[in-house]
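Heads up: the structure comes next, in structure tokens.
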Amino acid sequence: MRSALRLPLALGLVAFSLAGGARSDGAVVTRERVEISAPLLPDVLMLYQTFPATLDGETALVQSATYTYDRLLAECAADYPAITPTPLTSDEIAKNYETVGQCAYEKHTAKPYWIPKLLMDVDICGAELGAGWRLLGEDDLATLTDADYQFLHDTLSPFAPAIGQWGPTYFGLTVWLRAHDGTLAVGDLDPGVAADERITMRNPGTDTFAYQQPIALRCIRRTDLP
């Protein structure tokens with residue numbers, strides 16, 4: 001049994017609880033809280049420079065280039081009056097996604113165009129969002145039901161009718177994943193996709209150029225509840 005909450009809406013993430021059952025790692029829990037973040041976006045002008053030769057260089061690049069959704073929301077609000085700092089309705093959430101995407105492009109040269117090797121080598125989720133946050137995993141997908149995927153579609157992606165071009169590009173449900181074997185993959189969180197078709201690309205983690213495709217870097221945090 002699941003209960004779902006859009007909390008906190010202003011930060012673009014969703015939280016819901018899973019009650020009972022076993023996780024994909026074999027652990028049995030009574031209840032578990034699952035949080036999935038809004039996408040983290042890179043300043044692509046920084047990524048288009050020469051790729052760092054060391055892990056320290058990769059980490060420094062991530063630190064200088066990454067924008068979180070809450071940072072963009074705060075920095076864009078003054079110049080984009082369509083943004084609602086504390087949205088309450090689906091229309092307000094969708095408008096925020098659309099407008100934050102526009103602001104990310106126009107003011108910060110930030111696009112959802114990540115370099116796979118950075119995602120493979122650097123714990124971007126933990127560094128930017130804090131302890132417990134990590135890249136979505138292929139194992140995580142195995143724990144979600146059809147109803148969960150529909151909920152993610154309804155809460156994390158732009159709502160119908162589409163408002164414009166920015167929201168769907170920046171806040172879609174094609175996502176980077178950590179595969180079962182620890183390599184990088186790309187998956188699809190849209191409802192209605194067959195389980196054996198959710199992974200759409202495998203093992204691009206050695207590529208050192210930015211993928212100019214709208215693949216979202218979303219993070220997940222799972223916490224056992226008493």
Side-chain angles (χ1 to χ4, degrees), residues 2-18 23-25 27 29 31-43 46-47 52 55-77 83 85-87 93 96-97 100-101 103-104 108 110-141 143-144 148 151-152 155-157 170-173 175-179 182 184-185 187 189 205 215-226:
R2 285 146 166 82
S3 61
L5 301 170
R6 295 180 191 171
L7 294 174
L9 290 177
L11 301 186
L13 65 79
V14 66
F16 56 98
S17 63
L18 306 183
R23 295 193 312 223
S24 57
D25 60 7
V29 296
R31 287 196 303 156
E32 187 178 26
R33 179 181 174 87
V34 180
E35 298 166 274
I36 298 177
S37 76
L40 304 181
L41 299 171
D43 181 337
M46 293 185 179
L47 297 194
L55 180 57
D56 285 345
E58 292 182 48
T59 301
L61 175 59
V62 166
Q63 291 174 341
S64 62
T66 304
Y67 286 91
T68 61
Y69 180 74
D70 55 325
R71 177 183 171 187
L72 286 169
L73 194 71
E75 292 186 6
C76 294
I83 290 176
T86 55
I93 298 168
N96 275 7
Y97 288 160
V100 167
C103 173
H108 302 286
K111 305 176 185 180
Y113 296 166
W114 280 99
I115 295 175
K117 186 166 173 55
L118 287 178
L119 305 182
M120 186 68 191
D121 293 349
V122 181
D123 177 16
I124 300 175
C125 293
E128 296 297 325
L129 299 181
W133 287 99
R134 57 174 173 79
L135 190 65
L136 269 163
E138 186 175 1
D139 290 340
D140 294 312
L141 271 57
T143 68
L144 301 179
D148 294 328
F151 172 70
L152 295 179
T155 54
L156 288 179
S157 61
Y170 279 72
F171 296 93
L173 293 177
V175 295
W176 292 103
L177 297 171
R178 185 73 64 190
L184 198 63
L189 300 183
I215 306 173
L217 170 55
R218 293 185 183 271
C219 306
I220 189 170
R221 180 167 63 180
R222 304 182 73 137
T223 308
D224 292 348
L225 298 174

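Counting from 1, the numbers follow the sequence of the chain as shown. These numbers come from the heavy atoms of this one structure, side chains and all, not from hydrogens, waters or symmetry mates.
- For R221, the side chain to side chain donor-acceptor pair (under 3.5 Å) test picks out E35, with sequence neighbours left out.
- The aromatic rings of H108 and Y67 sit tilted, their planes meeting at an angle between 30° and 60°.
- Q63 has its side chain within reach of T59: a pair of non-hydrogen atoms, C-beta onward, lies under 4.5 Å apart.
- Inter-residue side-chain proximity for V100 and Y69 is flagged as met; some heavy-atom pair is nearer than 4.5 Å.
- Of the possible polar contacts, none joining the R222 side chain to the V34 backbone as a donor-acceptor pair under 3.5 Å is found.
- A 4.5 Å side-chain heavy-atom check between L41 and Y170 finds at least one atom pair inside the cut-off.
- Using a 4.5 Å heavy-atom cutoff, the side chains of T66 and L217 are not in contact.
- Put simply, the side chain of L129 does not reach to within 4.5 Å of the side chain of I124, judged on heavy atoms.
- Between the side chain of S64 and the main chain of L61, a donor-acceptor pair closer than 3.5 Å is present.
- Taking the side chain as every heavy atom from C-beta outward, P85 and L73 never approach each other to under 4.5 Å.
- Under the side-chain hydrogen bond (donor to acceptor under 3.5 Å, both in side chains) criterion, the residue pairs touching residues 121-136 are K117-D121, R134-D140, with sequence neighbours excluded.
- Scanning both residues, P39 and A216, for their nearest heavy atoms gives CG-CB, 3.9 Å.
- At least one side-chain heavy atom of L136 sits less than 4.5 Å from a side-chain heavy atom of L189.
- Proximity of L135 to W176: side-chain heavy atoms (C-beta onward) are separated by under 4.5 Å at one or more points.
- Closest of all the heavy-atom pairs between M46 and A65 is SD-CA, 3.6 Å.
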